[in-house]
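One structure is given below, encoded as C-alpha cells.
Each chain gets a letter, A, B and so on, in the order its sequence line appears, and its residues count up from 1.
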2 protein chains.
Amino acid sequence: MKMHNPPHPGEVLKELCIEPLNLTVTEAAKALGVSRKTLSAILNGRAGISPEMAIRLGKAFDTSAESWLNQQMQYDLWQAEQVVGNIEVKRLSAA
Amino acid sequence: MKMHNPPHPGEVLKELCIEPLNLTVTEAAKALGVSRKTLSAILNGRAGISPEMAIRLGKAFDTSAESWLNQQMQYDLWQAEQVVGNIEVKRLSAA
DNA sequence: GCAACTAGTAACGTTATGGGTTACATTTAG
DNA sequence: CTAAATGTAACCCATAACGTTACTAGTTGC
C-alpha cells in the first residue's frame, strides 16, 4: 500500500547535495540566487520546493528539476492524504 | 529535448473524464465535494490541481492521485521554465 | 414568451505559502 | 575576543486555492 512517510525534499537536498560538497547554507543560497532564509526554510522542512526552486537546484547540482518536484509532489500528496484522506467523494468512474 | 507544451490538466480532465461520462460541471463539482467555481476554474485552465483536488479526482474517477499531480507538475515546470528559465545559477555539482 | 438548467466569471473574503529584508541570539572557528 | 554561520522571528508582498453570492448568457421545454 505504499504507506511510508516520504522524506521532505529538504532533507534529501541537505544530505545528498549540501553536506557532501561541504557547502555552507550561506554559500549555497548565494549560488542558487535565493536568500539564506529561503534555503534554510527548505533544508529544515519549513518550506517546499517550488517549480522555480527546482529549476535552480537542477542547474546548480546538474540534476533534473523533475526529480526535485517529484519528491515534493510525493511529500505533498502524503501530507494531504493524512489530513483529507477520508473525504467522501461520489464515484463517477463507472457511470 | 522534450520541448512540447504540456496540456493543462484541466483539459485532460474535461476530455477524458467529464465529457465521456456526459457529466455537467455542476454535477461533477457536487460529486467531488467542491464548488462549481472551483471545478470550472480547473477545467478552463485558470487554476491548478492541488494535492487535495488530486485525491478527490483519484477517488471519483478511480485513478491515481499521482497521475493528476504529475500532469500538474509537468505543466507548472514548463510554465516556470518559460518565465525563469534563464536565471543564472552557479554550478555546485562538480565542486 | 418564459421558466429552468447550465456555465463562466466577477467581486468579495479567508488561509496558506514562497520569497525578500532586517535583526537578533547562538554556536563555532581562528 | 572576533568573525562567520545558522536558525528564526517580525514584517512586507504576491500568488493561489477555496468558498459564497450574484450577474450574464446560452439552451431547452412548455
Side-chain angles (χ1 to χ4, degrees), chain A residues 8-11 13-15 17-19 21-60 65 68-69 71-73 75-84 87-89 92, chain B residues 8-11 13-15 17-19 21-60 65 68-69 71-73 75-84 87-89 92:
Chain A
H8 189 285
E11 283 181 48
L13 218 204
K14 184 189 293 183
E15 292 167 14
C17 299
I18 306 291
E19 290 177 348
L21 297 177
N22 278 312
L23 293 168
T24 67
V25 176
T26 305
E27 281 176 320
K30 198 166 298 180
L32 287 165
V34 298
S35 73
R36 182 167 63 85
K37 180 202 168 176
T38 297
L39 219 208
S40 176
I42 291 172
L43 294 176
N44 291 286
R46 296 187 301 105
I49 293 185
S50 65
E52 180 184 321
M53 194 63 201
I55 292 173
R56 292 178 190 275
L57 293 175
K59 291 190 175 184
W68 294 108
L69 280 188
Q71 289 178 58
Q72 187 63 50
M73 185 193 79
Y75 181 83
D76 289 342
L77 185 53
W78 194 85
Q79 296 293 323
E81 259 161 6
Q82 301 311 109
V83 176
V84 87
I87 38 172
E88 40 151 335
V89 171
L92 297 174
Chain B
H8 189 284
E11 282 182 48
L13 218 205
K14 184 189 294 184
E15 292 167 14
C17 300
I18 306 293
E19 290 178 347
L21 298 177
N22 279 313
L23 292 168
T24 66
V25 176
T26 306
E27 280 175 322
K30 200 166 297 180
L32 289 165
V34 299
S35 72
R36 182 167 62 88
K37 180 198 169 176
T38 298
L39 218 209
S40 176
I42 291 172
L43 293 177
N44 290 288
R46 297 187 301 103
I49 293 184
S50 65
E52 181 184 320
M53 194 63 200
I55 292 172
R56 292 179 189 273
L57 293 175
K59 291 190 175 184
W68 294 108
L69 281 188
Q71 289 179 59
Q72 187 63 50
M73 185 193 78
Y75 181 82
D76 288 343
L77 184 54
W78 194 85
Q79 295 295 323
E81 258 160 6
Q82 301 311 108
V83 176
V84 87
I87 37 171
E88 40 151 338
V89 171
L92 296 173

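- Running 5' to 3' along DNA chain C, contacts with non-hydrogen atoms of chain A at under 4.0 Å begin and end at C:dG18 to C:dA23.
- Across all strands, A:T24 comes closer than 4.0 Å only to sugar-phosphate atoms, never to a base (heavy-atom distances).
- Legend: residues meeting side chain to side chain contact (heavy atoms under 4.5 Å, CB included) with B:V83, ordered by chain and number and at least two apart, are absent.
- A:Q71 places no side-chain N or O within donor-acceptor distance of the main-chain N or O of A:P9, the cut-off being under 3.5 Å.
- Counting only residues at least two apart or on different chains, the salt bridge (Lys or Arg N to Asp or Glu O under 4.0 Å) pairs with a member in residues 43-55 of chain B are B:E52-B:R56.
- Between B:R46 and A:N44, the residue anchored closer to the 5' end of DNA chain D is A:N44, taking for each the nucleotide with the nearest heavy atom.
- For residues 26-37 of chain A, no pair satisfies salt bridge (Lys or Arg N to Asp or Glu O under 4.0 Å), with sequence neighbours left out.
- For B:E19, the side chain to side chain contact (heavy atoms under 4.5 Å, CB included) criterion is met by B:K14, B:E15, not counting sequence neighbours.
- For B:L39 and D:dA17, the CG to C1' distance is 13 Å, given to the nearest whole Å.
- Distance, B:Q72 CD to D:dA16 C1': 11 Å, rounded to whole Å.
- Using modelled atom types, no side-chain atom of A:H8 and backbone atom of A:L43 make a donor-acceptor pair closer than 3.5 Å.
- Every residue meeting the side-chain hydrogen bond (donor to acceptor under 3.5 Å, both in side chains) condition with B:S35, not counting sequence neighbours, appears here in chain and number order: B:T38.
- Here B:T38 lies in heavy-atom contact (under 4.0 Å) with sugar-phosphate atoms only.
- A close approach under 4.0 Å does occur between a side-chain nitrogen or oxygen of A:T26 and OP1 or OP2 of D:dT6.
- Checked against side-chain hydrogen bond (donor to acceptor under 3.5 Å, both in side chains), A:S50 has no partners two or more places apart in sequence or in another chain.
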Look for any protein N or O under 3.5 Å of an N or O in nucleotides 21-30 of chain D and output each such pair with its distance, or none.
none

